[in-house]
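See below for the structure under consideration.
Naming: A, B, ... by sequence-line order, numbering from 1 per chain.
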Amino acid sequence: MHVVVTDGTILPVGGSARPVDDLARAVGELEAERPRWAWADTRETYPELLRAGVRVSRCHDVALTEGLLLAAEGRYGQPRSARAAHARLHGLPVPDEQPNVPGTLFAPEPLDARAVAEVLADQLRRIELLPDPGRFRLLVAAESAGALIAAELSHDGMPWRRDEHDALLTELLGPRPVHGMRPVKLQTLADEVSAAFGHPVNPDSVQQLVKAFKGAGVALRTTRSWELKRIDHPAIAPLLAYKELARLHSFHGWVWADQWVRDGRFRAEYVVGGVVSGRWATSGGGALQIPKVMRRVVVADEGWTLIVADAAQLEPRVLAAMAGDVGLAKAAGEIDLYSALAKSFGGERDNAKIAMLSAMYGGTSGDALKLLPVMRQRFPKAYQFVEDAAKAGEEGRLVRSWLGRTSPPPSERWKTLVSGPEGGRAARDRGRFTRNFVVQATAAEWALALMAVLRGRLPEPARLVFFQHDEVMVHCPLDQAEQVMAAVTESAAQASRLLFGQTPVRFPMETVAVPCYADAK
DNA sequence: TGACCAAGCGCC
DNA sequence: AAAGGGCGCTTGGTCA
């Protein structure tokens with residue numbers, strides 16, 4: 001049963017609205033009945049419940065659902081807030097999308113509970129009109145669970161040892177400099193670059209670098225590191241070292257830690273569905289781009305451990321299950337998908353891998369082109385599945401994930417471009433996007449389902465603390481390690497059943513219990 | 001001065 | 001890990 005929640009009101013759908021003074025307390029009491037809470041936007045309501053110590057098991061996020069519905073209905077890009085949805089429902093002027101900044105001076109009055117209930121009812125009706133309402137309902141549930149989880153991840157935070165972070169930075173860069181200065185090791189490398197050219201060059205400036213290399217008789221198109229590596233010049237070594245360390249300093253250095261690490265926790269801000277494929281994005285903190293070298297500062301609390309679980313070869317498995325390709329599904333029933341593939345393929349493991357990846361991602365390398373016909377012959381249904389997606393893209397049509405997330409339509413610019421002289425290129429690019437979309441979006445759905453199930457199976461006080469596309473991290477007391485690892489395995493199986501029902505495809509998780517993130521794999 | 005873009009590279 | 005898709009984020013540089 002749905003129960004609508006706004007700032008000061010609780011409204012059980014079909015019942016009567018009840019004003020409440022203490023929202024967290026009221027929600028906490030009603031949670032015993034396990035309703036599906038419906039609210040305009042999880043980001044506006046749930047954080048304060050969490051701060052009050054209240055967690056809920058499930059919800060319906062109106063804004064996220066509206067975004068999914070609009071895309072599915074071919075109205076991608078319209079404002080998706082509950083307020084906008086309500087205005088559309090009543091033929092009123094639709095307000096522009098508001099940035100989500102709580103307490104903004106000009107923030108509009110929140111919708112009242114009755115209006116939210118109206119939008120909810122309308123959404124449930126619209127879902128029934130879609131090609132596969134059952135799957136879409138699952139998508140809505142998973143996306144909404146994602147919203148809960150994202151808020152909880154931010155609330156709980158990933159363990160982050162500032163002392164270890166500082167030690168790592170000091171080791172690599174030198175001691176923390178006064179604000180605005182380069183750390184000593186960076187400055188030394190910058191000086192070495194200048195010395196190699198015989199005059200001052202700012203290694204952060206592409207223009208200066210290209211000019212300096214030109215003066216030294218080296219023509220460069222870009223200063224990308226893979227291009228620099230092919231050049232023989234005394235400035236290259238210090239420059240490459242500089243680039244790597246400078247990035248660490250400016251992206252995840254002391255200033256970053258001041259802003260994002262508090263009380264021994266890194267609290268990222270996740271954006272659920274922030275990527276068109278349904279993958280999450282982050283706004284601030286760069287949680288999805290933390291360099292691997294930083295993993296050694298992610299350390300479990302005393303007496304606790306980190307359970308790090310990574311879905312192995314998720315995307316080819318997802319394709320096998322989606323396409324219903326018997327041969328591929330059989331290979332995906334093995335732990336090492338690629339050796340199984342090679343057996344069925346009658347070739348080398350590496351070749352099987354390249355063929356698989358090229359089929360999924362539209363690879364164009366020489367090896368890939370040679371191997372694709374084998375792929376097509378051995379796994380015709382899987383091959384056809386991604387080919388169909390690519391063809392749809394090339395023709396400007398939409399594609400959908402397994403649960404019904406719809407790709408954005410091509411832009412007006414693309415439509416002009418595709419009928420012009422460079423049209424073939426634009427069409428192929430779009431084809432690669434839609435080919436990738438169906439696989440990546442479904443993999444994202446599987447990952448959401450995994451987390452939603454796992455969240456419900458975690459014992460107190462274990463907490464999900466990190467999520468990165470196909471990898472999750474749980475922080476729990478040492479004596480819960482076995483239980484949590486088992487929960488991960490069971491959740492993967494449950495997620496697979498939720499999405500695909502009975503399938504020979506397995507979705508193994510590589511799961512380890514470690515004191516420190518760097519110790520995983 | 002601030003707004004905006006491109007380059008470059010981290011993650012999956 | 002592949003390799004291709006897409007993201008965030010910082011810096012330098014340009015323009016109004």
For the pair made of [atom1] in [X] and [atom2] in [N], what is the distance, rounded to whole Å?
X       : N       : atom1 : atom2 : answer
Q289(A) : dC11(B) : CD    : P     : 9 Å
W446(A) : dC12(B) : CH2   : P     : 16 Å
Q313(A) : dC12(B) : CD    : C1'   : 14 Å
H249(A) : dG10(B) : NE2   : P     : 17 Å

Indicate, with a heavy-atom threshold strictly under 4.0 Å, whether [X] touches base, sugar-phosphate, or nothing.
X       : result
R349(A) : base
V439(A) : nothing
F437(A) : nothing
I290(A) : sugar-phosphate
N202(A) : sugar-phosphate
Q440(A) : base
L357(A) : base
R435(A) : nothing
G274(A) : nothing

In E192(A), R182(A), K185(A), R247(A), the residue satisfying side chain to side chain donor-acceptor pair (under 3.5 Å) with Y242(A) is R182(A)
Sequence neighbours left out, what passes salt bridge (Lys or Arg N to Asp or Glu O under 4.0 Å) with R80(A)? Give chain and number order.
none
CZ/R135(A): more than 12 non-hydrogen atoms of other groups inside 6.0 Å:
yes
For R262(A), is the CZ atom crowded, meaning more than 12 foreign heavy atoms sit under 6.0 Å from it?
no
Would you list the protein and nucleotides 7-9 of chain B atom pairs, both N or O, that sit under 3.5 Å from each other?
from: dG8(B); atom 1: OP1; to: T223(A); atom 2: N; distance (Å): 2.6
from: dG8(B); atom 1: OP1; to: T223(A); atom 2: OG1; distance (Å): 2.5
from: dG8(B); atom 1: O3'; to: K243(A); atom 2: NZ; distance (Å): 3.2
from: dC9(B); atom 1: OP1; to: S225(A); atom 2: N; distance (Å): 3.0
from: dC9(B); atom 1: OP1; to: S225(A); atom 2: OG; distance (Å): 3.4
from: dC9(B); atom 1: OP1; to: K243(A); atom 2: NZ; distance (Å): 3.3
from: dC9(B); atom 1: OP2; to: S225(A); atom 2: N; distance (Å): 3.2
from: dC9(B); atom 1: O2; to: R247(A); atom 2: NH1; distance (Å): 2.7
from: dC9(B); atom 1: O2; to: R247(A); atom 2: NH2; distance (Å): 3.3

Angle separating the five-pair end axes of the helix from dT1(B)-dA16(C) to dC12(B)-dG5(C), nearest 10°, is 10°
So do F507(A) and L499(A) actually touch side chain to side chain, heavy atoms under 4.5 Å?
no
Sidechain N-carboxylate O distance under 4.0 Å for E387(A), R435(A):
yes
Look at R425(A) together with D429(A) and state whether they make a salt bridge at an N to O cut-off of under 4.0 Å.
yes
Test ring-ring contact (aromatic ring centres under 6.0 Å, His included), reference W402(A), set W446(A), F136(A), F500(A), output is F500(A)
If you assign each of F433(A) and Y361(A) to its closest nucleotide in DNA chain C, which residue comes earlier from the 5' end?
Y361(A)
May I have the list of side-chain donor-acceptor pairs in residues 313-323 of chain A shorter than 3.5 Å, sequence neighbours left out?
from: Q313(A); atom 1: OE1; to: R317(A); atom 2: NH2; distance (Å): 2.8
from: E315(A); atom 1: OE1; to: Y361(A); atom 2: OH; distance (Å): 2.1
from: R317(A); atom 1: NE; to: A312(A); atom 2: O; distance (Å): 2.9
from: R317(A); atom 1: NH1; to: A332(A); atom 2: O; distance (Å): 3.0
from: R317(A); atom 1: NH1; to: E334(A); atom 2: O; distance (Å): 3.0
from: R317(A); atom 1: NH1; to: R506(A); atom 2: O; distance (Å): 3.2
from: R317(A); atom 1: NH2; to: E334(A); atom 2: O; distance (Å): 3.3
from: R317(A); atom 1: NH2; to: I335(A); atom 2: O; distance (Å): 2.8

Heavy-atom contact window of chain A on DNA chain C, given 5' to 3' at under 4.0 Å
dA1(C) to dT14(C)
Sub-6.0 Å ring centroid separation between F266(A) and W256(A)
yes
Please identify each residue that fulfils ring-ring contact (aromatic ring centres under 6.0 Å, His included) with H469(A), with sequence neighbours left out.
none
Are N202(A) and S205(A) linked by a side-chain donor-acceptor pair shorter than 3.5 Å?
no
